2 protein chains.
Amino acid sequence: MFSETGYAATRLTDIAEAADVKQGSLYYYFDSKDTLVAEMLRVGLQKTHEHVVTAIDALGDQATATARLAAAIHAHAEAVIEAVDYTAANARIVGQLPDELRKRHIRVDQRPYGQLWDGLLSDARAAGEIRDDLDLQTLRLLILGSLNWTVEWPDRAKRSPERVANILIAALFDGITTGDHSVQMQAGA
Amino acid sequence: MFSETGYAATRLTDIAEAADVKQGSLYYYFDSKDTLVAEMLRVGLQKTHEHVVTAIDALGDQATATARLAAAIHAHAEAVIEAVDYTAANARIVGQLPDELRKRHIRVDQRPYGQLWDGLLSDARAAGEIRDDLDLQTLRLLILGSLNWTVEWPDRAKRSPERVANILIAALFDGITTGDHSVQMQAGA
DNA sequence: GTCTATACATCGATAGAC
DNA sequence: GTCTATCGATGTATAGAC
């Protein structure tokens with residue numbers, strides 16, 4: 001509901017109705033709307049985290065670091081596009097949260113997930129599989145951002161998680177250029 | 001203000017205060033909060049559009065399609081990260097808008113900007129500069145999404161637009177891998 | 001643990017003087 | 001064109017019965 005309606009516009013009455021209780025009853029479980037939202041965000045990110053870890057582990061010990069990275073991209077795409085409702089909600093409403101709530105969420109909940117990704121990237125670099133002239137933290141944020149933003153895509157542009165992930169992986173790993181148009185790019189700015 | 005506080009939490013009182021008038025006076029210029037927001041979104045996207053077009057035109061006629069694409073990425077990064085306040089607001093609040101407002105904005109305002117980008121990409125493909133096995137619309141949304149999401153980056157991860165754009169361009173154009181780890185990736189999913 | 005009822009605050013919008 | 005004053009709606013939060 002938060003994913004569809006947004007943080008502020010989602011009323012406790014609606015949430016209660018969906019849970020088949022009355023609005024007042026929610027206060028037996030939560031102190032406020034904010035603690036309810038915070039709990040949802042926490043659970044959501046945890047589920048996403050688990051989903052991604054499961055996908056990576058499924059590859060087994062022999063997988064290369066880049067293969068593991070690709071699996072993570074697939075899994076995150078699944079989470080944000082369809083598999084985990086909470087993840088879409090996370091992506092949609094982080095920008096709408098009251099300041100303290102957002103900061104706490106980023107600091108407490110998002111940090112470990114970011115570290116998982118940073119680990120994937122630095123493993124790949126350590127294995128010599130990705131170049132060492134790119135800022136990995138920025139790269140991670142760009143990758144996750146491109147996937148998270150799918151929640152804003154117009155309906156007609158929607159694609160399956162597999163499709164989106166494959167395109168992103170192909171572009172990232174192989175590059176989008178045909179020959180070596182790449183060099184002249186580096187010169188810019 | 002919308003960029004920082006969000007759509008719902010930004011009060012007309014605050015806006016009026018920043019404009020050095022009283023809240024009631026705003027209604028001399030706008031019929032409602034929504035028309036005010038709609039106008040801001042329209043102007044914002046227009047400014048971004050112009051900023052990007054200017055950057056592309058500055059390259060002159062001899063520039064390759066990929067060079068033009070790179071310039072567009074730089075310019076959009078500038079717009080969303082620092083240059084155009086409106087752009088950050090756009091990125092931040094599209095997900096928070098009431099349904100009809102958002103739909104109209106995407107349909108009326110965002111469409112032309114999306115077409116500019118699709119043009120850049122299809123020109124590059126026509127020139128044989130980028131591969132022809134990637135869905136260009138999806139690629140465009142992934143690129144813009146990765147940049148738009150920078151508004152959600154934690155403060156400590158913030159980078160200059162040049163830095164962010166260069167990393168994205170390097171990754172996209174050259175690929176992030178060192179050798180041909182790429183091939184085995186394509187096999188996944 | 002869930003309900004009904006209601007207090008309380010907030011904020012968009014309107015009215016009307018100047 | 002800008003102000004002050006206020007209405008009216010909405011929605012979170014609380015009180016208290018069952």
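Letters A, B, ... mirror the listed sequences (proteins, then strands); counts begin at 1. All values reported here derive from a predicted model rather than from experimental measurement. What you see below is based on every heavy atom in this structure, not just the backbone, and it leaves out hydrogens, waters and symmetry mates.
- The existence of a salt bridge linking B/Arg140 and B/Asp118 is confirmed by a sub-4.0 Å separation between a basic side-chain nitrogen and an acidic carboxylate oxygen.
- Here D/dG1 presents its C1' atom at 14 Å from CZ of B/Phe30, a figure rounded to the nearest Å.
- Side-chain N/O atoms of A/Tyr28 include none lying less than 4.0 angstrom from OP1 or OP2 on C/dT2.
- Side-chain contact, B/Arg159 with A/Gln137: a donor N or O sits under 3.5 Å from an acceptor N or O.
- In this structure, A/Gln23 places its CD atom 7 Å from P of D/dT12, rounding to the nearest Å.
- One finds a side-chain N or O of A/Tyr29 lying less than 4.0 angstrom from the OP1 or OP2 phosphate oxygen of C/dT2.
- The separation between B/Leu12 atom CG and C/dC11 atom P is 10 Å, rounded to whole Å.
- One can place OH of B/Tyr27 at 5 Å from C1' of C/dA13, the figure rounded to the nearest angstrom.
- Around NZ of A/Lys103, the count of heavy atoms belonging to other residues, nucleotides or ligands within 6.0 Å does not exceed 12.
- Whole-Å rounding puts the B/Arg11 CZ to C/dC11 P distance at 5 Å.
- Distances shorter than 4.0 Å separate some side-chain N or O of A/Ser25 from OP1 or OP2 on C/dC3.
- Between B/Lys33 atom NZ and D/dA9 atom P there is a gap of 19 Å when expressed in whole angstrom units.
- Taking atom CG of residue A/Leu26 and atom P of nucleotide D/dG11, one finds them 15 Å apart after rounding to whole Å.
- Heavy atoms of B/Lys22 sit under 4.0 angstrom from at least one base atom.
- Side-chain contact of A/Thr66 with A/Glu129: a donor-acceptor pair under 3.5 Å is present, judged by distance alone.
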